[in-house]
There are 2 protein chains.
Amino acid sequence: MEFELKLPEWLNRINSRAADITHNSIEERAGFVINLSHLNIEHGTGGPFGAAIFDINSGSLVSAGTNMVVPMGCSIAHAEMIAIMLAQKKLGTYRLPGPSKYQLVSSCQPCAMCMGAIPWSGVGSLVCSGREEDAKAIGFDEGDKPSDWIEKYEARNIEVIIDVLRSEACQVLRDYSKKNSQTY
Amino acid sequence: MEFELKLPEWLNRINSRAADITHNSIEERAGFVINLSHLNIEHGTGGPFGAAIFDINSGSLVSAGTNMVVPMGCSIAHAEMIAIMLAQKKLGTYRLPGPSKYQLVSSCQPCAMCMGAIPWSGVGSLVCSGREEDAKAIGFDEGDKPSDWIEKYEARNIEVIIDVLRSEACQVLRDYSKKNSQTY
């Protein structure tokens with residue numbers, strides 16, 4: 001009894017050429033993950049969320065994930081979790097070395113599960129585009145997080161940058177909502 | 001680029017014969033997962049935590065997981081997450097049907113990540129042996145959960161039963177602590 005996390009072909013291609021993908025600014029990185037969320041609904045391979053891990057300083061892409069809960073039949077397959085698992089596999093470690101080497105960029109603020117998972121991953125920085133309330137507005141449940149989770153991250157030396165290209169991320173959420181009623 | 005969750009052979013054998021394993025009482029189920037946590041440290045296949053999903057009414061085992069963070073090189077591979085992924089794979093769904101059909105039994109209260117993941121899994125009941133402070137006492141970080149997470153679960157119709165065979169679970173934590181300094 002084993003579990004294989006099989007990426008869709010288009011996302012596999014992006015991960016295969018990660019070494020050639022570099023985004024220097026926070027806005028470029030946010031644009032990249034918002035595009036992942038857009039491609040995920042265009043390809044019908046999951047929910048409207050994308051995430052990626054970058055080398056903070058060089059801007060090199062380490063791993064890219066999208067929400068694959070429904071096609072993978074796995075409630076854990078959120079974009080952030082996929083990006084974390086792939087990055088750790090690639091670097092051969094259960095904790096990315098830090099504290100300020102790797103940045104997780106997500107098209108939306110993390111749900112309660114991903115909020116809990118991020119500190120275990122070793123990333124030292126989190127960039128989010130959409131807010132929790134933007135995902136809720138189209139019917140997604142974000143779970144129960146401490147209301148001061150951003151302060152708690154900062155106490156753990158994890159920087160949090162929010163609202164980067166928020167309106168672009170919200171547009172993808174609305175596009176998904178128009179085509180799909182499946183939220184979870 | 002793919003990710004394979006490969007169980008250790010001894011745990012694979014337990015999952016393979018899940019249909020033949022039935023535990024009717026809460027205490028028997030807790031004893032089963034505490035034994036998983038014990039076997040995991042005996043076999044050197046990960047941290048001192050075990051979890052399993054049972055059919056609440058029949059007592060049949062659906063899936064069994066242990067902490068495999070270090071050997072798998074994956075910060076997400078907590079016992080509860082493994083049990084959830086395996087159960088969803090087995091039943092072919094991203095949300096176990098409920099609300100009171102499946103029970104997650106864990107040798108310890110969930111960390112922040114697992115606390116966030118459990119409501120997405122579809123389980124209707126959570127049974128825990130050790131407490132959060134028992135894991136912290138040997139050096140594990142449990143993350144930042146809302147202080148009223150049990151009430152929040154109950155508001156989601158997830159029953160929570162704590163402290164079942166707590167002292168037996170604590171003994172395994174202490175056994176691990178004596179042999180290992182690796183906590184995370």
Side-chain angles (χ1 to χ4, degrees), chain A residues 1-7 11-16 18 63-64 68-78 80-82 84-86 88-96 110-122 141-149 151-153 155-156 184, chain B residues 1-7 11-16 18 63-64 68-78 80-82 84-86 88-96 110-122 141-149 151-153 155-156 184:
Chain A
M1 198 171 178
E2 278 161 30
F3 188 89
E4 207 184 355
L5 193 159
K6 228 177 155 55
L7 302 186
L11 184 58
N12 221 6
R13 276 198 298 276
I14 291 173
N15 275 290
S16 303
S63 62
M68 297 188 269
V69 167
V70 177
M72 205 174 267
C74 177
S75 60
I76 284 158
H78 285 202
E80 298 93 324
M81 307 294 269
I82 302 291
I84 290 169
M85 286 193 275
L86 292 175
Q88 291 177 339
K89 185 186 175 190
K90 188 169 178 176
L91 298 170
T93 175
Y94 69 87
R95 192 174 179 92
L96 302 177
C111 80
M113 170 181 69
C114 297
M115 190 281 302
I118 290 166
W120 305 162
S121 72
D141 188 346
E142 291 293 285
D144 304 307
K145 298 187 279 190
S147 56
D148 60 345
W149 69 273
E151 288 79 2
K152 289 195 188 304
Y153 267 33
R156 290 176 176 273
Y184 31 86
Chain B
M1 197 171 179
E2 276 159 32
F3 188 88
E4 206 184 357
L5 193 159
K6 226 175 155 58
L7 302 187
L11 184 58
N12 221 7
R13 276 198 299 276
I14 291 174
N15 275 291
S16 303
S63 62
M68 298 188 268
V69 167
V70 177
M72 204 174 266
C74 177
S75 60
I76 284 158
H78 285 202
E80 299 93 323
M81 306 294 270
I82 302 291
I84 289 169
M85 286 193 276
L86 292 174
Q88 291 177 340
K89 184 186 175 190
K90 188 170 177 176
L91 297 171
T93 174
Y94 69 89
R95 191 173 180 91
L96 303 177
C111 78
M113 169 181 70
C114 298
M115 189 283 302
I118 290 166
W120 304 163
S121 72
D141 187 348
E142 291 293 287
D144 304 307
K145 299 186 278 190
S147 56
D148 60 343
W149 69 273
E151 288 78 2
K152 290 196 186 306
Y153 267 33
R156 290 176 176 274
Y184 30 87

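All heavy atoms count here, side chains included; hydrogens, waters and symmetry mates do not. Order of the sequence lines fixes the chain letters, A, B, ..., with proteins taken first and strands second; residue numbering starts at 1 for each chain. What you are looking at is a predicted structure, and each value in this text was computed from that prediction instead of being measured.
The heavy-atom pair separating B:Y184 from B:V70 by the smallest distance is CE2-CG2, 3.6 Å.
Listed for the B:K145 side chain is a donor-acceptor partner under 3.5 Å among the backbone atoms of B:P110. In this structure a side-chain-to-backbone donor-acceptor pair under 3.5 Å is present from A:Q88 to A:Y94. Side-chain N or O atoms of A:N15 include none that pairs as donor or acceptor with a backbone N or O of A:S63 at under 3.5 Å.
B:N12 has its side chain out of reach of B:K6: every pair of non-hydrogen atoms, C-beta onward, lies at least 4.5 Å apart.
With a 4.5 angstrom heavy-atom cutoff, B:S121 touches chain A via backbone and side-chain atoms both. The contact between B:C74 and chain A is made by backbone and side chain atoms together, counting heavy-atom distances below 4.5 Å. In this structure, chain B has a heavy atom under 4.5 Å from the side chain of A:M115, while its backbone stays farther away. Contact annotation for A:D148: neither backbone nor side-chain heavy atoms come within less than 4.5 Å of a heavy atom of chain B.
Highest contact tally toward chain B, considering only A:H78, A:R95, A:M81, is held by A:M81 [criterion: heavy-atom pairs under 4.5 Å]. Comparing B:G143, B:G122, B:S75 by how many heavy-atom pairs each has under 4.5 Å with chain A, the most go to B:S75.
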